[in-house]
Amino acid sequence: MSFEPDRISQVVLRPVAVDDEERFLELARLSTDLHHPWVGLARTPSGFSAYLSKSDHVNAVCMVLCLKGQGDLVGMINIKDIVRGPYQKGVLGFAAFLPYAGQGYMSAGVALAVHHAFEHLELNRVEADIQPGNGASLRLVQRLGFRREGFSPGFIKIAGVWRDHERWAITRDMELPVVFRE
Ligand SMILES: CC(C)(COP(=O)(O)OP(=O)(O)OC[C@H]1O[C@@H](n2cnc3c(N)ncnc32)[C@H](O)[C@@H]1OP(=O)(O)O)[C@@H](O)C(=O)NCCC(=O)NCCS
């Protein structure tokens, strides 16, 4: 699958901040159809503060992907459920915002997030749990070289239903299809 590394230079990945609230909520509402039934993002100010408070930089790092220059929010990417000790792993969550979906920005952003996880958070493994019908997400992780490790029936409860998930992961010893220069 193709990947356009140029997109990396057009975006910035940074921690979500209090000041993002208004635009985040606006874009999350605009993107409801894109996100359903795969993810449910914060839709209200109290939901947004709960989301911010999850980002404690110990168990979870919640980030927004922004366009360089203009700064608008292209999407959100979390590394959560961070486990240290012998595991050194985290679980990815991500979603694009309309009108920026389907243009290669999110693949670039997830590549940046994986790089951040390995190089700055010093994780050894990043996982992504994806429902079998979620074609866009499956294509995204395949594009970045994740490996399908398994299938777990009824793995995660989403909107009140236990959903099957494919288990994808990338580890430090695997190569991202992008060269990063620090
Ligand atoms: C999954 C999701 C984040 C993917 O977002 P996206 O915007 O499609 O991802 P990208 O920015 O990497 O765009 C890739 C698509 O853009 C196309 N594209 C267009 N111009 C491009 C360019 N210049 N460079 C690269 N790709 C380009 C690619 O062909 C690709 O299309 P395809 O998936 O049909 O093959 C998005 O569909 C989404 O938010 N889904 C709902 C939430 C969700 O499922 N989250 C994950 C839960 S596990």
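These numbers were taken from a predicted model, which means no experiment stands behind them. Remember, it's 1-based here, ligands and their atoms both numbered in the order they're listed.
- Interface of Ser107 with ligand 1, defined as ligand atoms under 4.0 Å from a residue heavy atom, comprises 10 (P), 11 (O), 12 (O).
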Practice prompt. Show your reasoning for whether side chain to side chain contact (heavy atoms under 4.5 Å, CB included) applies to Gln10 and Tyr105.
Written response: CA-CA 8 Å; Gln10 296 165 1; Tyr105 293 121; 3.8 Å; yes

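- With rounding to the nearest 0.5 Å, the separation of CG in Leu73 from CG in Leu27 is 6.0 Å.
- Rounding to the nearest 0.5 Å gives a distance of 12.5 Å between CG of Leu123 and CD1 of Ile170.
- Checking only distances, Phe94 does come within under 3.5 Å of ligand 1, N or O to N or O.
- For Tyr87, the OH atom counts as loosely surrounded, since its 6.0 Å shell holds 12 or fewer non-hydrogen atoms of other residues, nucleotides or ligands.
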Discussion item. Quick one, Val61 with Ile82, criterion side chain to side chain contact (heavy atoms under 4.5 Å, CB included). Give me CA distance, side-chain angles, the key distance, then yes/no.
Written reply: CA-CA 9 Å; Val61 181; Ile82 293 173; 4.3 Å; yes

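- Interface atoms of ligand 1 facing Ala101, defined by a heavy-atom separation under 4.0 Å, are 7 (O).
- Assignment of Asp129 to the shell around ligand 1 is supported, since a heavy atom sits closer than 4.0 Å.
- Annotation for ligand 1: atoms under 4.0 Å from non-hydrogen atoms of Trp38 are 41 (C), 43 (C), 44 (O).
- Checked by atom type, the side-chain pair Arg139/Gln142 shows no donor-acceptor distance below 3.5 Å.
- When atom types are taken as modelled, the side chain of Lys68 and the backbone of Val12 share no donor-acceptor pair closer than 3.5 angstrom.
- Within ligand 1, the atoms closer than 4.0 Å to a non-hydrogen atom of Arg7 are 23 (N), numbered from 1 in the order shown.
- No option in Leu13, Val141, Leu144 other than Leu144 meets the side chain to side chain contact (heavy atoms under 4.5 Å, CB included) test with Val110.
- A perpendicular orientation is assigned to the rings of His115 and His120, their planes being inclined by more than 60° (bins at 30° and 60°).
- With distances taken over non-hydrogen atoms, the option nearest atom 9 (O) of ligand 1 out of Arg139, Gln142, Met106 is Met106.
- Of all atoms in ligand 1, numbered sequentially from 1 with element shown, those under 4.0 Å from a heavy atom of Tyr105 are 11 (O).
- Taking every heavy atom of Leu34 and a limit of under 4.0 angstrom, the matching atoms of ligand 1 come to 39 (O), 41 (C).
- Using a 4.0 Å cut-off to heavy atoms of Val39, the atoms of ligand 1 that qualify are 42 (C), 45 (N), 47 (C).
- Of the candidates Gly104, Gly102, Ala111, Gly102 brings a heavy atom nearest to atom 19 (C) of ligand 1.
- Taking only nitrogen or oxygen atoms, main chain and side chain alike, Leu140 does not reach within less than 3.5 Å of ligand 1.
- For the pair Arg143 and ligand 1, a heavy-atom separation below 4.0 Å is found.
- Residue contact annotation: Ala128 has no non-hydrogen atom under 4.0 Å from ligand 1.
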